[in-house]
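Note sheet for the following structure.
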Amino acid sequence: MVTIRLHNGKTRMKEVFVPIDPMNVRVYVCGPTVYDRAHLGNARPVVVFDTLFRLLRHVYGAGHVTYVRNFTDVDDKINATALARKEAGAAGTLEALIAERTEETIRWYHEDMDALGALRPTHEPRATAYVGQMIAMIAELVARGHAYARDGHVLFRVRSFAEYGRLSGRSVDDMIAGARVEVAPFKEDPMDFVLWKPSDDSLPGWQSPWGRGRPGWHIECSAMSLALLGASFDIHGGGIDLQFPHHENEVAQSCCAHPEAEFARVWMHNEMLQVEGKKMSKSLGNFFTVRDLLGQGVPGEVIRLVFLGTHYGRPMDWTAEKAGQAEATLRKWRAMVAGVQPSAPSGAVVAALADDLNTAGAIAELHALAAAGDAAGLKASAGLMGLLQDDMGGWAEAGVDLAPYAARLAALRAAAMETKDFAPVDAMKAALLAAGVEVRMSKAGVEVLPGPGFDAAKLEGLL
RNA sequence: GGCGGGUUGGCGGAGAGGUUACGCAGCGGAUUGCAAAUCCGUGUAGACCGGUUCGAUUCCGGUACCCGCCUCCA
């Protein structure tokens with residue numbers, strides 16, 4: 001059995017991973033709020049935890065890992081979008097417009113994440129399907145004295161949970177000193193956070209013991225992880241930005257509702273993504289979605305390889321140069337593994353991944369396999385990382401049969417060898433290069449392959 | 001202000017208390033009609049200042065700088 005070591009954000013140490021139940025390893029990762037296309041930053045945790053999912057499936061068996069990633073479809077941004085559509089004259093009730101918006105966004109999300117080679121999680125629960133469970137958990141928290149109702153709101157009583165702040169390394173008193181918390185008259189303590197809030201008629205709402213309302217953001221993950229993975233599970237993941245307050249609040253809710261359990265044993269946080277050295281933001285003008293990149297012709301597999309080139313715990317910089325290098329690497333590897341039956345993943349690659357998802361180290365091992373000419377091992381090992389899969393390699397293929405061009409060039413070359421006039425050969429070669437075709441001539445013959453920027457249209461008239 | 005992370009060779013980016021990371025680029029050579037691809041060889045880096053040690057880029061402390069979160073833009 002491969003020993004997996006993971007950096008546990010709860011203990012701040014790298015620990016040997018021991019599942020609660022090796023027959024059912026359970027992972028929960030915070031998913032997207034489905035109000036718009038996923039931007040590139042949203043994709044990082046998807047790729048990181050997909051790699052973890054693949055590793056766990058490899059080690060414990062594909063049928064022995066349960067991976068849950070939620071869709072947050074209760075959110076004021078979604079409401080705002082739907083409301084705007086309604087005011088613009090869209091037909092249907094607000095609820096219908098909201099459902100339409102979330103359905104549409106989930107479809108986009110799936111398309112985009114599929115393109116990155118991410119496996120679909122075992123379960124992708126939608127918050128709206130678990131409001132009953134959320135209400136039950138909130139009621140439990142109230143009954144246990146960890147929450148209180150005021151003015152149609154229900155708030156979590158932060159002072160009732162001594163461990164509050166441990167995950168994110170903060171103390172309640174320090175945070176209040178920072179004074180960047182919303183002070184509301186109905187709060188007992190400024191740090192208390194909302195479990196339930198009232199909805200007026202313009203907002204979606206559910207009936208509850210506290211009136212018609214909707215859940216606060218944090219409770220959904222506590223309720224859905226409980227429903228799908230149980231009160232204790234193995235790994236909880238998400239972006240480091242979620243560590244506080246989201247994950248801290250999840251811990252508080254879940255541990256107070258189920259003090260007998262341990263909630264998540266291991267916490268994993270991926271660091272943030274940057275673009276050309278800067279934070280991606282709309283104001284800097286460097287904000288873009290996964291779909292934008294795909295639309296520009298950057299293959300999902302290239303995005304994936306770039307992501308995996310940096311350890312998940314470090315900030316990752318997306319640059320055009322990296323994308324170019326990743327594309328060149330993948331073209332080389334794909335040419336090598338074409339038509340090859342994968343063998344078993346290399347032990348060195350598995351070992352690297354098992355060492356707290358050292359994907360950069362694993363990629364170095366892929367290079368070693370390529371250098372050693374082990375195409376079968378390369379294909380299998382890359383497959384473990386979601387790379388070089390048959391179903392995502394279309395981008396590297398020419399789409400047209402280049403064999404006639406190779407034959408033509410070979411004929412010209414053979415003639416030139418006799419006449420010593422290489423001008424016609426060079427002319428054709430230049431034209432092929434201009435079309436993005438890689439030309440290799442050797443004693444053995446002529447090879448032509450699609451290269452970066454390949455454009456079939458530019459091949460017109462070359463035959 | 002509070003909390004957390006980072007600083008590695010031209011660029012990207014890892015591991016390890018003491019032997020080559022790796023990739024890209026570069027340089028030299030082989031090969032080639034010329035190239036490309038390939039093969040061989042090549043670089044000796046670790047912000048700064050101290051400490052621990054036989055020995056630190058790797059451990060500890062401090063300084064500087066950078067970044068993120070604390071503002072439901074991951």
Side-chain angles (χ1 to χ4, degrees), chain A residues 9 12 29-33 35-36 38-46 48 72 74-77 165 167-182 191 193-194 216-218 238-249 269-274 277-284 287 305-306 308-311 313-317 319 321-322 324-326 328-329 332 335 351-352 355-356 358-368 370-371 373 413 416-417 419-423 425-426 429-430 432-433 437-444 446-449 451:
Chain A
R12 293 162 201 280
V29 173
C30 291
T33 299
Y35 71 100
D36 205 351
H39 64 242
L40 194 62
N42 291 313
R44 171 117 107 136
V46 173
V48 166
T72 298
V74 180
D75 179 87
D76 287 345
K77 287 191 291 291
L167 178 68
S168 53
R170 296 150 200 255
S171 81
V172 174
D173 293 323
D174 287 347
M175 284 185 279
I176 290 173
R180 291 212 192 174
V181 288
E182 182 192 359
M191 287 307 295
F193 59 90
V194 170
W217 173 35
H218 315 294
I240 187 69
D241 54 304
L242 296 177
Q243 187 188 45
F244 187 89
H246 185 56
H247 291 160
E248 194 69 59
N249 292 351
H269 289 115
N270 63 275
E271 254 291 354
M272 299 290 94
L273 174 130
Q274 298 186 315
K278 292 180 178 155
K279 177 179 175 171
M280 183 167 76
S281 72
K282 287 173 182 167
S283 57
L284 287 173
F287 182 96
L305 182 59
V306 170
L308 295 179
T310 300
H311 183 83
R314 300 252 193 159
M316 201 219 79
D317 196 17
T319 65
E321 187 188 352
K322 282 185 182 179
Q325 286 187 7
T329 299
K332 192 171 81 175
D355 181 14
D356 196 29
N358 182 359
T359 50
I363 289 169
E365 295 299 342
L366 295 183
H367 282 293
R413 181 162 172 257
M417 293 295 217
T419 64
K420 300 297 175 195
D421 175 12
F422 288 93
V425 193
D426 289 338
K429 189 176 83 176
L432 288 170
L433 291 175
V437 176
E438 200 173 283
V439 179
R440 299 179 192 171
M441 287 185 266
S442 69
K443 280 180 178 164
V446 172
E447 253 189 305
V448 295
L449 303 162

Contact class for [X] (heavy atom, under 4.0 Å): base, sugar-phosphate, or nothing?
X	answer
A:Leu273	base
A:Tyr35	sugar-phosphate
A:Gln274	sugar-phosphate
A:Asn270	nothing
A:Phe244	sugar-phosphate
A:His246	nothing
A:Arg44	nothing

Stepwise side chain to side chain contact (heavy atoms under 4.5 Å, CB included) check, A:Lys77 with A:Asp36 = CA-CA 9 Å; A:Lys77 287 191 291 291; A:Asp36 205 351; over 6 Å; no
Sticking with atom [atom1], work out how far [N] lies from [M], rounded to a whole angstrom.
N	M	atom1	result
B:A47	B:G9	P	8 Å
B:C54	B:G2	P	39 Å
B:A64	B:U44	C1'	27 Å
B:C66	B:C27	C1'	33 Å
B:A16	B:U38	P	31 Å
B:G6	B:G46	C1'	14 Å
B:G10	B:G4	C1'	32 Å
B:C22	B:U31	C1'	26 Å

Think A:Lys322 has a side-chain N or O under 4.0 angstrom from the OP1 or OP2 of B:G23?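 Negative; the distance criterion is not met.
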_With a 4.0 Å limit, can you tell me whether A:Thr310 has a side-chain N or O closer than that to the phosphate oxygens OP1/OP2 of B:G13?_
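True: A:Thr310 side-chain N/O within range (under 4.0 Å) of B:G13 OP1/OP2.
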Candidates [options] - which lies nearest the side chain of [X]:
X	options	result
A:Val425	B:G33, B:U38, B:G68	B:G33
A:Asp426	B:U38, B:G33, B:G13	B:G33
A:His367	B:C22, B:A14, B:C73	B:C22
A:Met417	B:C11, B:G33, B:A21	B:G33

**OP:** Could you give me the CA-CA distance, side-chain angles and deciding distance for A:Val48 and A:Met316, then say whether side chain to side chain contact (heavy atoms under 4.5 Å, CB included) is met?
**Re:** CA-CA 12 Å; A:Val48 166; A:Met316 201 219 79; over 6 Å; no
Who pairs with [N] - Watson-Crick or G-U, where each distance is under 3.5 Å:
N	value
B:C39	B:G29
B:C3	B:G68
B:U63	B:A47
B:C34	none
B:C11	B:G23

Which class fits the ring pair A:Phe193 and A:His218: parallel under 30°, tilted 30 to 60°, perpendicular over 60°?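 If you compare the ring of A:Phe193 with that of A:His218, the planes turn out perpendicular.
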Worksheet item: Relative to the ring of A:His247, is the ring of A:His269 parallel (under 30°), tilted (30 to 60°) or perpendicular (over 60°)?
Response: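 Because their plane-to-plane angle is under 30°, the rings of A:His269 and A:His247 count as parallel.
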Whichever of A:Gly169 and A:Arg314 has the more 5' nearest nucleotide on RNA chain B, that residue is A:Gly169
Taking for A:Arg413 and for A:Gln325 the nucleotide of RNA chain B with the nearest heavy atom, the one nearer the 5' end belongs to A:Gln325
Could you tell me the separation between the [atom1] atom of [X] and the [atom2] atom of [N], rounded to a whole number of Å?
X	N	atom1	atom2	value
A:His247	B:C70	NE2	P	13 Å
A:Leu305	B:G13	CG	P	13 Å
A:His311	B:U8	NE2	P	17 Å
A:Phe422	B:C34	CZ	P	8 Å
A:Lys279	B:G68	NZ	P	6 Å
A:Glu271	B:C67	CD	P	13 Å
A:Met316	B:C66	CE	C1'	18 Å
A:Met280	B:C69	CE	C1'	16 Å

Can you measure from CG (A:Leu308) to CG (A:Asn358) and round to the nearest 0.5 angstrom?
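These two atoms lie 11.0 Å from each other.
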query = If you measure from NZ on A:Lys279 to CG on A:Asp317, what distance do you get to the nearest 0.5 Å?
reply =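 Separation between the atoms: 14.5 Å.
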Establish whether the base of B:G15 is bridged to the side chain of A:Asp355 by a donor-acceptor pair shorter than 3.5 Å.
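No such pair is found, so the answer is no.
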At less than 3.5 Å, do the side-chain atoms of A:Lys429 and the base atoms of B:C34 form a donor-acceptor pair? yes
For A:Thr310 versus A:Lys322, what's the shortest heavy-atom pair and its separation?
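That closest heavy-atom pairing would be OG1-NZ, 4.0 Å.
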For a side chain to side chain contact (heavy atoms under 4.5 Å, CB included) check, start with the C-alpha distance between A:Met272 and A:Arg44, then their side-chain angles and the critical distance, and finish with the verdict. CA-CA 8 Å; A:Met272 299 290 94; A:Arg44 171 117 107 136; 6.0 Å; no
